[in-house]
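Below you'll find the structure, written out as structure tokens, and then a few comments.
What's counted below: heavy atoms across the whole structure, side chains too, no hydrogens, waters or symmetry copies. Along the sequence shown, the residues carry numbers beginning at 1.
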Amino acid sequence: MEFAIGIVLVVVSIILHEVAHGFVADLLGDPTARYAGRLTLNPIPHIDPVGSVLVPGLLALSSSPFLLGWAKPVPYNPYNVRWGRWGEALVAAAGPATNILIAAAAAMLIRFEVVSFADSVAFSVLITLIFTNLSLAILNLIPFPPLDGSKIVAALLPYQLERQYRSLETLTYALGPFGLLIVLIGVFYLLSPGISAIARTGFSLLTGIPI
């Protein structure tokens with residue numbers, strides 16, 4: 001049961017992450033995601049067979065401390081977004097911010113003892129939900145193209161440095177989908193000790209439970 005619930009939580013979390021990108025883009029003047037039917041909680045338009053099913057499933061079966069994955073990226077046109085690169089940064093930040101809000105909401109159920117340790121299944125599910133969303137937020141905030149953090153950092157750089165930095169994204173996409181996947185998995189595993197440490201710290205701060 002916990003395995004199935006864990007997979008569902010990952011899928012829901014990454015869908016909300018992507019919907020948040022499209023929602024903020026729509027607020028800032030770009031209706032691309034809305035016209036594409038991606039501003040919906042219906043999972044079918046968002047599911048990526050590899051990122052939404054295979055990768056989370058393999059991580060869960062291997063007893064990984066993380067349950068991560070991805071959905072189909074929500075399309076948006078940065079040229080339609082108001083406020084230029086600042087608007088693009090807001091669109092990028094919306095996904096990780098949503099994951100942090102989900103983790104915080106779940107943590108409040110533990111902190112205020114709405115769900116206690118005695119409710120073993122519910123408690124375990126909330127822990128999975130918190131760690132999954134904190135890990136998704138931290139991973140996506142890494143400033144490595146095409147992760148969300150790269151777009152946030154790009155908005156903070158001077159124009160010439162921004163152009164050079166954005167060229168890294170072109171290089172990563174040039175690797176093709178499988179090359180890009182290998183690079184991202186490599187980045188994740190290389191930085192997983194740091195991601196784990198930050199996620200544990202965030203869990204303790206949100207729930208009040210030291211780990």
Side-chain angles (χ1 to χ4, degrees), residues 4-61 64 66-81 87-103 128-129 132-152 154 166 168-189 195:
I5 292 173
I7 296 298
V8 170
L9 292 178
V10 172
V11 172
V12 170
S13 297
I14 60 180
I15 286 173
L16 289 172
H17 176 108
E18 290 298 331
V19 169
H21 286 315
F23 180 74
V24 172
D26 195 42
L27 286 178
L28 293 177
D30 176 44
T32 304
R34 176 158 47 88
Y35 290 162
R38 297 294 301 279
L39 297 187
T40 175
L41 297 181
N42 178 2
I44 294 176
H46 301 286
I47 286 178
D48 179 289
V50 175
S52 307
V53 180
L54 182 60
V55 170
L58 290 174
L59 289 174
L61 287 173
S64 168
F66 297 100
L67 286 179
L68 297 177
W70 60 89
K72 292 178 183 177
V74 166
Y76 84 101
N77 186 342
Y79 296 104
N80 290 337
V81 175
E88 192 174 359
L90 287 173
V91 172
T98 297
N99 292 127
I100 292 171
L101 287 174
I102 293 171
T128 299
L129 185 63
T132 293
N133 279 278
L134 287 177
S135 300
L136 282 169
I138 296 163
L139 176 64
N140 277 281
L141 286 171
I142 294 172
F144 183 87
L147 296 173
D148 298 328
S150 67
K151 295 178 175 62
I152 297 171
R166 287 184 184 273
L168 292 175
E169 186 167 3
T170 304
L171 291 175
T172 54
Y173 278 122
L175 297 172
F178 290 104
L180 180 58
L181 174 60
I182 291 170
V183 169
L184 291 179
I185 290 176
V187 169
F188 167 67
Y189 277 105
I195 294 173

Nearest-0.5 Å distance that lies between atom [atom1] in [X] and atom [atom2] in [Y]:
{"X": "Leu90", "Y": "Lys151", "atom1": "CG", "atom2": "NZ", "result": "13.5 Å"}
{"X": "Leu147", "Y": "Ile152", "atom1": "CG", "atom2": "CD1", "result": "10.5 Å"}
{"X": "Thr132", "Y": "Ile14", "atom1": "OG1", "atom2": "CD1", "result": "10.5 Å"}
{"X": "Glu18", "Y": "Leu39", "atom1": "CD", "atom2": "CG", "result": "11.5 Å"}
{"X": "Thr98", "Y": "Leu136", "atom1": "OG1", "atom2": "CG", "result": "11.0 Å"}

For residues [X] and [Y], report the shortest heavy-atom separation together with the two atoms involved.
{"X": "Val74", "Y": "Ala33", "value": "CG1-CB, 3.2 Å"}
{"X": "Phe144", "Y": "Ser150", "value": "C-CB, 3.9 Å"}
{"X": "Val81", "Y": "Tyr76", "value": "CG2-CD1, 3.9 Å"}
{"X": "Thr40", "Y": "Pro45", "value": "CG2-CG, 4.1 Å"}
{"X": "Gly87", "Y": "Leu28", "value": "O-CD1, 3.6 Å"}
{"X": "His21", "Y": "Pro96", "value": "CE1-CD, 4.3 Å"}

Please list all pairs meeting salt bridge (Lys or Arg N to Asp or Glu O under 4.0 Å) that have one or both residues in residues 30-50, counting only residues at least two apart or in different chains.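 Passing the test, one end in residues 30-50: Asp26-Arg34.
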Any donor-acceptor pair under 3.5 Å linking the side chain of His17 with the backbone of Asn133?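 Not a single qualifying donor-acceptor pair exists.
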Are the side chains of [X] and [Y] in touch, meaning some heavy atoms are under 4.5 Å apart?
{"X": "Leu139", "Y": "Ile142", "answer": "yes"}
{"X": "Leu41", "Y": "Leu16", "answer": "yes"}
{"X": "Leu129", "Y": "Ser13", "answer": "yes"}

